[in-house]
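The chains referred to below are lettered A, B, ... by the order of the sequence lines, with proteins before strands, and numbering in each begins at 1.
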Amino acid sequence: MSASDRILVQRLEKLQELRRQGVEPYTNKFFPTHRVNEVINRYGALSGPELEKLNSTFRMAGRLVLQRHFGKATFCHFQDESGRLQAYVQRQVVGEEAFSLFKKLDLGDFVGFEGTLFRTRTQELTLAVTSFVLLTKSLRPLPEKYHGLVDMEVRYRQRYLDLITNPEVRQVFLSRTRIIALIRHFLESRGFLEVETPMMQPLPGGAAARPFVTHHHALDMKLYLRIAPELYLKRLVIGGFERVFEINRNFRNEGLSILHNPEFTMLEFYQAYATYEDLINLTEELFGYVARELLGTLRLTYQGQAIDLSPPWQRLDLRESLTQLGNIPANVVYDKTALLALAKKEGVILRPGEGYGRALTKLFDLLVEAKLVQPTFILGYPTETSPLSRRNDDNPEVVDRFELFIAGREMANAFSELNDPLDQRERFVKQMEAHTSGDLEAHPLDEDFLTALEYGMPPTAGEGIGIDRLVMLFTDSPSIRDVILFPQLRPER
RNA sequence: GGGCCGUUAACUCAGUCGGUAGAGUAUCUGCCUUUUAAGCAGAGAGUCGUUGGUUCGAAUCCAACACGGCCCA
């Protein structure tokens, strides 16, 4: 029998023994009067004598995480959602029978306490227990009390153990929730309406990515998990909702990495009568708002790099970035034939139909992206790789679009929306040609969306911000798996 | 898909030159009424990721595979 089996057997025996003694190991209806942080915040500053004068009792509950037994007394720490507190259980106070029961409890058990507050010799705020009740018997041992749980695989597969053991992990997910709440508040205060659009779509549009496919039996039709909500949000702008946003999951059928999880959370928002230049300002303000509210400062450290979110952020043309940071001579960058040759030399594989524009963005990914540590808007994206963006009025070869880079990675993508239905149709047709020649990520032609556009969409700008990467930035997390509660893993064997 | 690293008790980790498995925590027993990773004494606990190979002998060397991590595509 393995050690873990033996512990399980031991505890099952304990469970039976408790029941024989008339102790219910899964007691219901214990209602705490205080949580740990309330007690610490309200009484943490009081002296021992002041605590005694309080003369009030506290009902508290939590999971046993540490215990130190003596012959006739026990110190233990229990933790609830808000924190950890020490409790002191004495035989002469709770009685002989109850005390021997308490000594039999295991780390991991949930216990309800009633008692008064005092200070120990070392001045630790402690609950002097007058009575207690076992609320939930735990049958499996917790990870080690000092080193905690370290094994990455177990931390991801059994996140609850990670959360019980590692307080900094709890903090990351509390921050994640707070960041999302702040973004909601920011957008709502500017008149944006939060909406929900289909996760299951008959055509996967709004981005360049391979989708997950599923099947609806009753309708006997193929459905795709969405890769982006974009085309549905624009339909809502057409329908008269002038400012909309959605924070929800996207699904992309691609490999796993430190930056990629197949399902991830995206913010997309659309603002009628705005241009991508308005969104530059809005983005600076949004990041600034989140940083000030969450961190109290616009300066943060990500993985050892100092990052300053103070506006205005640098703006750089895509092709200029290739000369300035990618060290590609200007005469190569602006010469289509020379650039294509360079791209080939750098290992970029271009499919039929892909040309200069694709080569530019690929070379940017390879040579420039990682160098953009401070927030930088890259402008001047080629029309060829932006099938949903409005062409620039002066130069139809590029679109009114930016991508935002911080800490060497893409954080946002925004553009003035293409609202000319005839141009949009042409772009879709080009994408279909790319698809035919083997680009599995090419955008499908969405006839239903074109119909909507033909009714007329006001001039609009839209943006997408990857929430997981944003949370990584603000919580200094190295991997996307650190900010997703249950990241995708291979199945265990 | 390729490269590198890791996988030993429930947890955190040692394990030398190939000689047959160790510590701390946790658990169990005993002592202990102000401890703080409490302490002291004792006990139990292992498919050394899996499968093959080399060898008199493999946690250790070799190969394949699985899972995880990092880097690259």
Side-chain angles (χ1 to χ4, degrees), chain A residues 1-15 17 48 51-52 63-79 84-96 99-100 102-109 115-129 137-162 164-167 254-261 303 343 346-350 362-363 365-367 369-370 408 477-482 487-493:
Chain A
M1 197 192 308
S2 72
S4 63
D5 288 343
R6 203 167 26 256
I7 288 172
L8 192 62
V9 166
Q10 270 172 4
R11 294 206 179 175
L12 285 168
E13 283 168 1
K14 265 188 197 175
L15 195 73
E17 177 62 24
L51 288 171
E52 263 176 57
R63 189 192 288 275
L64 286 184
V65 288
L66 284 173
Q67 50 186 358
R68 295 172 290 283
H69 292 300
F70 295 82
K72 301 184 181 66
T74 292
F75 282 96
C76 65
H77 279 86
F78 65 97
Q79 74 183 18
R84 261 182 202 199
L85 190 71
Q86 181 167 259
Y88 185 43
V89 182
Q90 298 172 89
R91 189 172 77 169
Q92 72 179 47
V93 174
V94 299
E96 196 152 333
F99 187 69
S100 63
F102 193 79
K103 288 220 283 189
K104 285 205 171 64
L105 297 184
D106 292 298
L107 295 183
D109 289 354
T116 58
L117 290 175
F118 77 111
R119 274 187 192 287
T120 62
R121 264 181 210 159
T122 52
Q123 298 305 304
E124 179 163 349
L125 185 68
T126 302
L127 187 72
V129 175
K137 184 79 202 130
S138 165
L139 300 179
R140 294 181 186 272
L142 289 178
E144 209 237 15
K145 64 185 178 187
Y146 186 61
H147 298 93
L149 183 64
V150 171
D151 188 302
M152 288 290 209
E153 190 170 349
V154 180
R155 288 182 47 211
Y156 295 145
R157 289 196 199 276
Q158 295 180 276
R159 182 69 92 178
Y160 47 91
L161 294 178
D162 197 22
I164 292 168
T165 317
N166 298 320
E254 55 198 17
L256 310 172
S257 84
I258 205 165
L259 290 175
H260 298 89
N261 194 64
Q303 301 296 294
E346 291 285 339
V348 175
I349 296 163
L350 295 174
K362 276 289 182 187
L363 284 169
D365 292 347
L366 286 173
L367 303 174
E369 183 173 15
S477 298
S479 168
I480 197 170
R481 287 183 287 266
D482 296 324
Q488 192 63 50
L489 300 176
R490 281 191 172 78
E492 263 181 303
R493 298 238 171 136

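Side-chain proximity of A/Arg490 to B/A26, B/G68, B/U34: nearest is B/G68. Out of B/U34, B/G69, B/G24, the shortest distance to the side chain of A/Met152 is found at B/G69. Comparing B/C11, B/U34, B/A26 by their nearest atom to the side chain of A/Pro141 picks out B/A26. Checked against B/U35, B/C11, B/C32, the side chain of A/Lys103 finds its nearest nucleotide in B/C32. Looking at the side chain of A/Asp151, the nearest of the listed nucleotides B/U27, B/U12, B/G68 is B/U12. In the set B/G69, B/C28, B/U36, B/G69 carries the atom at the smallest distance from any side-chain atom of A/Leu489. When each of B/U35, B/U12, B/C70 is scored by its nearest atom to the side-chain atoms of A/Ser479, the top-ranked nucleotide is B/C70. Taking every side-chain heavy atom of A/His77 into account, B/U36 is the closest of B/C67, B/U36, B/G69. Checked against B/U25, B/U33, B/C70, the side chain of A/Ile258 finds its nearest nucleotide in B/C70.
For the pair A/Arg155 and B/G69, the criterion of a side-chain N or O lying under 4.0 Å from OP1 or OP2 is not met. Applying the 4.0 Å criterion to OP1 and OP2 of B/C31, one finds that A/Lys72 has every side-chain N and O outside that range.
If you take atom P in B/A21 and the same atom in B/A73, they sit 46 Å apart, rounded to whole Å. Atom name P, nucleotides B/A26 and B/G1: the rounded distance is 44 Å, in whole Å. Nucleotides B/U29 and B/A64 are separated by 47 Å at their C1' atoms, to the nearest Å. Comparing B/A10 with B/U27, their C1' atoms sit 9 Å apart, to the nearest whole Å. For the P atoms, the distance from B/A9 to B/G49 is 8 Å, rounded to whole Å. Atom name C1', nucleotides B/C61 and B/U54: the rounded distance is 8 Å, in whole Å. Taking atom P in both B/A58 and B/C62, the straight-line distance is 16 Å, to the nearest Å. Taking atom C1' on both nucleotides, B/G30 is separated from B/C17 by 43 Å, rounded to a whole Å.
Among the protein residues, A/Lys145 comes within range of the sugar-phosphate backbone only, with heavy atoms under 4.0 Å from sugar or phosphate atoms but none that close to a base. At a threshold of 4.0 angstrom between heavy atoms, the contacts of A/Arg481 are confined to the sugar-phosphate backbone, with no base atom among them. Nucleic acid contact class of A/Gly255 (heavy atoms, under 4.0 Å, all strands): none. Residue-level contact check: A/Lys104 touches neither bases nor backbone, having no heavy atom under 4.0 Å from any strand. Within 4.0 Å (heavy atoms only), A/Glu13 reaches no atom of the nucleic acid at all. Among the heavy atoms of the strands, none lies under 4.0 Å from A/Phe99. Within 4.0 Å (heavy atoms only), A/Gln10 reaches sugar-phosphate atoms of the nucleic acid but no base atom. At the heavy-atom level, A/Leu161 lies nowhere under 4.0 Å from the strands shown.
Screening A/Arg91, A/Lys103, A/His69 against A/Thr74 for a side chain to side chain donor-acceptor pair (under 3.5 Å) leaves a single residue, A/His69. A side chain to side chain donor-acceptor pair (under 3.5 Å) with A/Tyr156 holds for exactly one of A/Asp151, A/Asp482, A/Asp162; it is A/Asp482.
For the pair A/Glu124 CD and B/A37 P, the interatomic distance rounds to 10 Å; values are reported in whole Å. Atom CG in A/Asp106 sits roughly 15 Å away from atom C1' in B/C11 (whole-Å rounding). Look at CD on A/Gln90: it is 12 Å from C1' on B/U35, rounded to the nearest Å. One interatomic measurement links the two molecules: NZ of A/Lys362 to C1' of B/A73, which rounds to 10 Å at whole-angstrom precision. The nearest whole Å value for the distance from the CZ atom in A/Phe70 to the C1' atom in B/U33 is 8 Å. Atom CD of A/Glu17 is separated from atom P of B/C28 by 13 Å (rounded to the nearest Å). Remark: P of B/U12 and CD of A/Glu153 are 12 Å apart, rounded to the nearest angstrom. Following rounding to the nearest Å, A/Leu8 (CG) and B/G44 (C1') show an atom-to-atom distance of 17 Å.
A/Gln79 places a side-chain N or O within 3.5 Å of a backbone atom of A/Ile164 that can act as its donor or acceptor partner. Judged by distance alone, with hydrogens and angles left aside, the side-chain atoms of A/Ser138 form a donor-acceptor pair with the main-chain N or O of A/Arg140 at under 3.5 Å. Of the possible polar contacts, one joining the A/Thr126 side chain to the A/Glu124 backbone as a donor-acceptor pair under 3.5 Å is found. Formation of a donor-acceptor pair under 3.5 Å by the A/Asp106 side chain with backbone atoms of A/Pro141 is not found in this model.
Checking A/Leu142 against A/Arg91, the closest nucleotide of RNA chain B that is more toward the 5' end is the one next to A/Leu142. Between A/His69 and A/Gln92, it is A/Gln92 whose nearest contact on RNA chain B lies nearer the 5' terminus.
Taking the six-membered ring where the residue is Trp, A/Tyr88 and A/Phe118 present tilted rings, their angle falling between 30° and 60°.
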Map every base of RNA chain B to its dot-bracket character, where paired means a Watson-Crick or G-U wobble contact with both distances under 3.5 Å and | marks a partner outside the strand.
(((((((..((((.....[..)))).(((((.......))))).....(((((..]....)))))))))))).

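For A/Arg68 and B/U35, a side-chain-to-base donor-acceptor distance below 3.5 Å is present, hydrogens and geometry of angles not being considered. For A/Tyr88 against B/U33, a side-chain N or O and a base N or O form a donor-acceptor pair under 3.5 Å. Residue A/Thr120 places a side-chain atom within donor-acceptor reach of the base of B/U36, judged by atom type and a 3.5 Å distance cut-off alone.
The structure places NZ of A/Lys104 at 13.0 Å from CG of A/Asp109, a figure rounded to the nearest 0.5 Å.
Within 6.0 Å of NZ in A/Lys362 there are 12 or fewer heavy atoms belonging to other residues, nucleotides or ligands. Other residues, nucleotides and ligands contribute more than 12 heavy atoms inside 6.0 Å of the CD atom of A/Gln123.
Annotation for A/Lys72 and A/Phe99: closest pair C-CZ, 3.4 Å, computed over non-hydrogen atoms.
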